[in-house]
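Inspection log for the structure reproduced underneath, given as structure tokens.
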Amino acid sequence: MNDGKPKEACGVVAVYAPGQEVAKTIYYALYALQHRGEESAGIAVSEGDTMVVFKDMGLVGQVFDEYRLKSLTGGLGIGHVRYSTTGSSSWENAQPIHRDSGTLEVALGHNGNLVNTMDLLSKLAPRRRAASTDSDLIAEMIVNSGKPTVEEGILDTLPRLKGAFTLVMMDHERVYGCRDPHGLRPLVIGSLSSGGYVMASETCALDAIGAVLVREVEPGELVTIDAQGIHSHRFAAATPALCVFEYVYFARADSVLYGKSVHKTRYQMGRRLWEESPAVADLVMPVPDSGRGAAAGYAAASGIPYGDALFRSPYVGRTFIQPTQAIRQQGIRTKLNPMAQMIEGKTLVVVDDSIVRGNSMRQIVRMLRDAGAKGVHVRVSSPPVQWPCFYGIDIASRDELIAANTSVDEIRQHIEADSLGYLSLEGMLASTELASDKFCTACFSSEYPIAIPDDVKVTKNMLEAQI
Ligand code: SF4
Ligand code: MG
């Protein structure tokens, strides 16, 4: 079931380690990035003249097994986990994307969303396309660039893209990684203890494969890794605007962004949330798992005991088995179960990282009251989400956002809480302890770092409508 959270666009990995079987390394790195995309998973590897891609719908552990990984031989490769942000959820749209023009061959994985897709499409020679995404267009542009090498094709293409694009790419000799000039989505470089290098969306993927963080890929930078090591090309000036939602919710708690621990930042958000919006209560509890850091901070600052009173099933991922009507009526209970003995007779502060549509929070509040809670105060460690995201997060339209047309008190009534408090924009940004102009905050503030053309403000499947 959809728990009402915005879906992250994707997670990406690239590994360069000649002489090693990189498919397994990529597999474990993708496992660590599973939270960034649960719809499809894929790996591309190269060995000399051949490039092999395997991708399918499902979780990393469902798509790959020992046998499949053994068939993916090669010393360099890329990997991808995906949610659909543009294009529908189908096998053709799974990544890595592979394109071969006869002269240039590339595999590519994309995290983000372009905002000038229609413009780029109109400039591309008409041809039959097998997929329907902005990511696909990037691969087309690279192999049809008329340049003699993939690297030159990439450098020709990147300055023409507008929007969010963290990309990993490969040819037969090199892997590549880049971030758009705003660096909306993260990408880091690590070194492998066995020799070679890795690039990945988050540092938690480096930890999972025993790699050591070298540095972040800079906004507007293309990094090439080959036999000579790491090479840096700047294709645009950097105007950093990292998605602040990475700290709030998307990134894994054990990752480090801009040199700051994601967990510690969430803890700080919780402390500030208490200062801005205190409550009298017996227990502070998170909505697991993403509310945990902020709940711990709220409890520490308030002196109210902390308790994990909602159990989250670790095994509920995206399932392709439709629930029966009876199970569906159980709603959020397939995922979260309240522990009545911790809740009965108590006044609770329930901390979550964000409220997007509001329906899951209403179910949680009801569930806690049914379990015997005397009072339920809801606290949210980010501001009201009022604006859609055009940079790869599936907050498609303002109609879907409860805070877009509703006051905080009306939301409180809707979720049936005794009180409701959000962290302010200033409080959220101050919790990062970084300059506030280094972030995109558009879904909270409507200040979009990249102008949004009118034709983008339509449906998310716009490319499919064209084909
Ligand atoms: Fe992140 Fe919101 Fe900006 Fe989208 S609009 S990139 S979710 S901060
Ligand atoms: Mg996309």
Side-chain angles (χ1 to χ4, degrees), residues 2-12 35-37 82-86 110-117 134-135 161-167 179-187 201-202 216 219-220 238-252 255 257-258 260 262 265-266 269 290 294 352-357 380-404 422-432 434-453 456-457 460:
N2 184 342
D3 64 359
K5 292 290 174 191
K7 299 288 185 276
E8 172 55 281
C10 298
V12 295
H35 60 286
R36 298 184 74 88
R82 180 173 195 267
Y83 279 115
S84 61
T85 50
T86 61
H110 179 201
N111 177 194
N113 241 24
L114 300 186
V115 299
N116 65 334
T117 308
D134 53 348
S135 319
L161 309 180
K162 287 198 175 66
F165 51 99
T166 280
L167 301 168
R179 292 170 76 195
D180 62 75
H182 296 283
L184 277 153
R185 304 277 145 234
L187 187 67
S201 294
E202 292 182 38
E216 295 188 352
T239 47
L242 177 71
C243 167
V244 75
F245 233 118
E246 293 281 350
Y247 278 115
V248 171
Y249 169 69
F250 297 136
R252 224 170 76 168
S255 283
L257 296 166
Y258 274 157
K260 301 273 174 188
V262 171
T265 305
R266 289 179 187 163
M269 288 171 177
S290 54
D352 205 355
D353 57 88
S354 55
I355 293 180
V356 177
R357 295 172 183 86
V380 183
S381 61
S382 62
V385 177
Q386 290 180 292
W387 302 91
C389 175
F390 298 102
Y391 311 136
I393 309 303
D394 81 337
I395 308 171
S397 80
R398 293 200 78 196
D399 308 335
E400 297 175 41
L401 303 172
I402 188 167
Y422 287 90
L423 185 61
S424 65
L425 186 64
E426 300 71 34
M428 175 179 67
L429 290 167
S431 303
T432 67
L434 293 159
S436 57
D437 62 359
K438 289 176 90 172
F439 292 102
C440 173
T441 60
C443 52
F444 304 114
S445 65
S446 82
E447 285 174 29
Y448 291 95
I450 308 163
I452 309 300
V456 177
K457 297 176 183 167
K460 81 169 188 166

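Whatever order the structure lists them in is the order used to number ligands and atoms, beginning at 1.
Relative to the six-membered ring of Tyr258, Lys438 meets both conditions, a distance below 6.0 Å and an angle of at most 45° to the axis.
Considering every non-hydrogen atom in both Ile450 and Tyr391, the closest pair reads O-OH, 2.8 Å. Scanning all heavy atoms of the two residues, the minimum distance from Leu257 to Glu216 falls at C-OE2, 3.7 Å.
If you look at Arg185 next to ligand 1, the close heavy atoms, those under 4.0 Å, all belong to the side chain.
Residue contacts to atom 4 (Fe) of ligand 1: Cys443 brings no N, O or S atom closer than 2.8 Å. Look at Cys243 and atom 1 (Fe) of ligand 1: an N/O/S atom of the residue is under 2.8 Å from the metal.
The aromatic rings of Phe390 and Tyr448 sit tilted, their planes meeting at an angle between 30° and 60°.
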Q. Does the pair Ser201 and Arg36 meet the rule for a side-chain contact (heavy atoms from CB on, under 4.5 Å), with working shown?
A. CA-CA 9 Å; Ser201 294; Arg36 298 184 74 88; 3.8 Å; yes
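Proximity annotation for atom 8 (S) of ligand 1: of Cys440, Ser445, Ala164, Pro388, Cys440 comes nearest, heavy atoms only.
When each atom of ligand 1 is checked for a heavy atom of Tyr391 under 4.0 Å away, the hits are 6 (S).
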